[in-house]
Participant: 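Below you'll find the structure I mean.
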Amino acid sequence: MTKFEALGLDKPLLDAISDLGFESPSEVQEKSIPILLEQETDLVALAQTGTGKTAAFGFPMIQKIQQDSRTTQGLILSPTRELCLQITNELKLYSKYVKGLNVVAIYGGASITEQARQIKRGAQIVVATPGRMKDMIGRNMVDISKIDYCVLDEADEMLNMGFYEDIKDILSNTPKEKFTWLFSATMPKEVATIAKKFMHKPIEITVGSKNAGASTVQHEYYVVGGRDRYAALKRLADANPGIFSVVFCRTKRDTQRVAEKLIEDGYNAGALHGDLSQNQRDLVMNSFRKKQVQMLVATDVAARGIDVDDVTHVINYQLPDEIETYTHRSGRTGRAGKSGISMVIITRSELRKIKAIEKKIQQEFISKKIPDGIEICEIQLYHLANKIKETKVNKEIDSYLPAINDVLEGIDREELIKKIFSVEFTQFYNYYSKTKDLNSQDSGKGDKKGSSKGDIPTDGSVRYFINVGERDGYDWMSLKDFLRDTLNLEKEDIYNVDTKDSFSFFNTDAQLTEFILQTFTDFKVDGRFVNVEVSKNPGGGGGKGGKKRRGRKGGGGGRRGGNKSYKGGKKGGYGKKGGKKKQGFY
Ligand code: ADP
Ligand code: MG
């Protein structure tokens, strides 16, 4: 018996679950599903984003609905159109083996008559945003007077968005003898009020804060001058070539501005906020899902609907006003058991906010330094090397090969490699070699005692390059574990672990350097050489001075005059205005 079977689910659902590849129920599913299947009761379930709440109410609802009746029996209210569509899609997947079950989504910004038509054909489950639902009730386009189950999904957010009156109105159109299941990430007063007012002795379930969503997220902050926010954002992106991120701004204006600048600078970015038309928002979201957009710049309200599982980084371009909002933001990453990083770009005067958030999320932030130009160049170089290695050879090249060979005659392999890399790299290098250190002085806990460049230092901190990364199945947590176990060190001995797609970096104190290099001499895992080298950059971006890095004031700011994007488009971040946007995600 599988764990899902043990919860009391029937075969059609179990088959769909197996198709979806869900191996075992999440905590909120394990707790809610048996209750909802066995009892007719109201329920309040508190669990963070990304913990699988949709299935927690979706499975039982699907199983309990009579699919041979065409009456609308289940209503799910959710705050945004995006969420509404996501829930509908999920429910359709869950019920693919339940014949005759129709799930219909109703939401604003799309044809109301078409939605009414779908309802008329018979929708046992309706998933709706409160606004459109009210509209359709008013126009007699939907009948919810016979529902058995009503779900209030993301109740805290619906109330945040001011839907209280709408919800009240909608519920007054439902029968008294129905069951209400409320799902929420948090339990502010307003949610408690709703529960008290509209529910009868609800069973309460709380999923501990140690859920998959929260504990897999590493929280980091970067202290910069207020005017350097944008430059810092670019560096964070450049230092993470595989980034797939949501960048949060506080206002629609900033959101639009930052997105525009990123696009101008050659990144695959897009904006998502309330001033865009529904159509524009759909386009952006589609590109984001397909990973054509790697940096989605969004307001909190607009991003509330985003349910994309592989977001690697959440970047807080500015901190939100409400601490609560930070939890929602960071919950966009580290979903479905994956790890993620939530970065905060912050000025010195805002530092105290970090303390408040730490208390709220019960997790400590790591103070990090914005990587300097040299570290970014190094990362990009390795990344480029890997990209070349992975590139499939284009057959069309063959016919030009003799001519190319003629041109390159007499250049040996090493020389050729150097030249190829210089073609790709010099612009990038030139940009970064002239930029300043963006970090505000004394930016906090500072775990790096910036050691000098060049020779291996004997005190301070040393940064290492290691030739394994995300592609080998590591994230910062598992790589740290691997290093700790291999080296037989304590957890604190290894820090600043940054995994990239095919390589990674980490730091130790300098006394350990010899030991580490020795351990990783001729070291193999699964028959493959794992190689560790001292990184050119000592402090993971913390170093100061150094002849390559000094130089013009202000450098990091806006666009560069460069006339060509670093290969792959977005990475260079200094492409000309209007430079071509590469759709590649590499
Ligand atoms: P929430 O509503 O709590 O934010 P979702 O219901 O949107 O979370 O689920 C987040 C993601 O996790 C979805 O992509 C969903 O398909 C996936 N998921 C849900 N339950 C499981 C499970 N038991 N095993 C693996 N993945 C799951
Ligand atoms: Mg949800």
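A quick note: this is a predicted structure, and the numbers were derived from the prediction, not measured. Counting starts at 1 for both ligands and their atoms, in listed order.
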Participant: Below 4.0 angstrom, N of the basic side chain to O of the carboxylate: do R250 and D300 qualify?
Facilitator: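 Result for this pair is no, no salt bridge flagged.
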Participant: Hey, which of Y149, F59, F198 is the one that makes ring pair (Phe, Tyr, Trp, His ring centres under 6.0 Å) with W181?
Facilitator: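 Considering Y149, F59, F198, a ring pair (Phe, Tyr, Trp, His ring centres under 6.0 Å) with W181 is found only for Y149.
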Participant: What residue among H219, R329, E220 forms side chain to side chain contact (heavy atoms under 4.5 Å, CB included) with S342?
Facilitator: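 Running side chain to side chain contact (heavy atoms under 4.5 Å, CB included) over H219, R329, E220 with S342 returns exactly one hit, H219.
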Participant: List ligand 1 atoms under 4.0 Å from T51, heavy atoms only on the residue side.
Facilitator: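 Matching atoms, with element in brackets: 1 (P), 3 (O), 8 (O).
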Participant: Under 4.0 Å from any heavy atom of T54, which atoms of ligand 1 are there?
Facilitator: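 So the atoms of ligand 1 that pass are 2 (O), 5 (P), 6 (O), 7 (O).
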Participant: S26 heavy atoms, cut-off 4.0 Å: which ligand 1 atoms fall inside?
Facilitator: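 Atoms satisfying the 4.0 Å criterion: 23 (N).
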Participant: Report yes if P25 has an N/O atom closer than 3.5 Å to an N/O atom of ligand 1; otherwise report no.
Facilitator: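 In fact, backbone or side chain, P25 has no N or O that close.
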Participant: Looking at ligand 1, is there an atom of it that comes within less than 4.0 Å of some heavy atom belonging to G50?
Facilitator: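 Per 4.0 Å heavy-atom rule, G50 contacts ligand 1.
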Participant: Scan I341, T333, V246, V247 and name whichever one has a side chain to side chain contact (heavy atoms under 4.5 Å, CB included) with H313.
Facilitator: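 Output: one option passes, namely I341.
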Participant: Kindly check if the number of other-residue, nucleotide or ligand heavy atoms within 6.0 Å of CD (E23) is above 12?
Facilitator: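 Open: at most 12 neighbouring heavy atoms sit under 6.0 Å from CD of E23.
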Participant: Tell me, please: is E154 in heavy-atom contact with ligand 1, that is, under 4.0 Å?
Facilitator: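 Contact check E154 vs ligand 1: negative.
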Participant: Is E82 paired with R281 through a side-chain N to carboxylate O contact shorter than 4.0 Å?
Facilitator: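 Answer for the salt bridge query: no.
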Participant: At under 4.0 Å between heavy atoms, which part of D153 makes contact with ligand 1: side chain, backbone, both or neither?
Facilitator: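 No part of D153 is near ligand 1 at this cut-off.
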Participant: Check each heavy atom of F4 against ligand 1 and say whether those closer than 4.0 Å belong to the side chain, the backbone, both or neither.
Facilitator: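 It is the side chain that gets close, since no backbone atom is under 4.0 Å.
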Participant: Taking atom CZ of R528 as the centre, does the number of heavy atoms from other residues, nucleotides or ligands within less than 6.0 Å exceed 12?
Facilitator: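 For R528, atom CZ is crowded (more than 12 foreign heavy atoms under 6.0 Å).
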Participant: With a 4.0 Å cut-off, would you call D498 and K368 a salt bridge?
Facilitator: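 K368 and D498: salt-bridged.
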Participant: Would you say F22 and ligand 1 have an N/O pair spaced under 3.5 Å apart?
Facilitator: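 Between F22 and ligand 1 (N or O atoms, distance only) the closest approach is not under 3.5 Å.
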Participant: Is the closest heavy atom of A56 to ligand 1 under 4.0 Å?
Facilitator: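 Checking ligand 1 against A56, which is what was asked, there is no heavy-atom contact under 4.0 Å.
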Participant: Are any of the N/O atoms on Y94, whether in the backbone or the side chain, positioned under 3.5 angstrom from an N/O atom of ligand 1?
Facilitator: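 No, Y94 has no N/O under 3.5 Å of an N/O on ligand 1.
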Participant: So, 4.0 Å and heavy atoms of Q48: is ligand 1 close enough to count as a contact?
Facilitator: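 Yes, Q48 has a heavy atom closer than 4.0 Å to ligand 1.
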Participant: Relative to the ring of Y326, is the ring of F365 parallel (under 30°), tilted (30 to 60°) or perpendicular (over 60°)?
Facilitator: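 Answer is tilted, since the angle falls between 30° and 60°.
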Participant: S24 heavy atoms, cut-off 4.0 Å: which ligand 1 atoms fall inside?
Facilitator: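 Checking each atom against S24, I get 22 (C), 23 (N), 24 (N).
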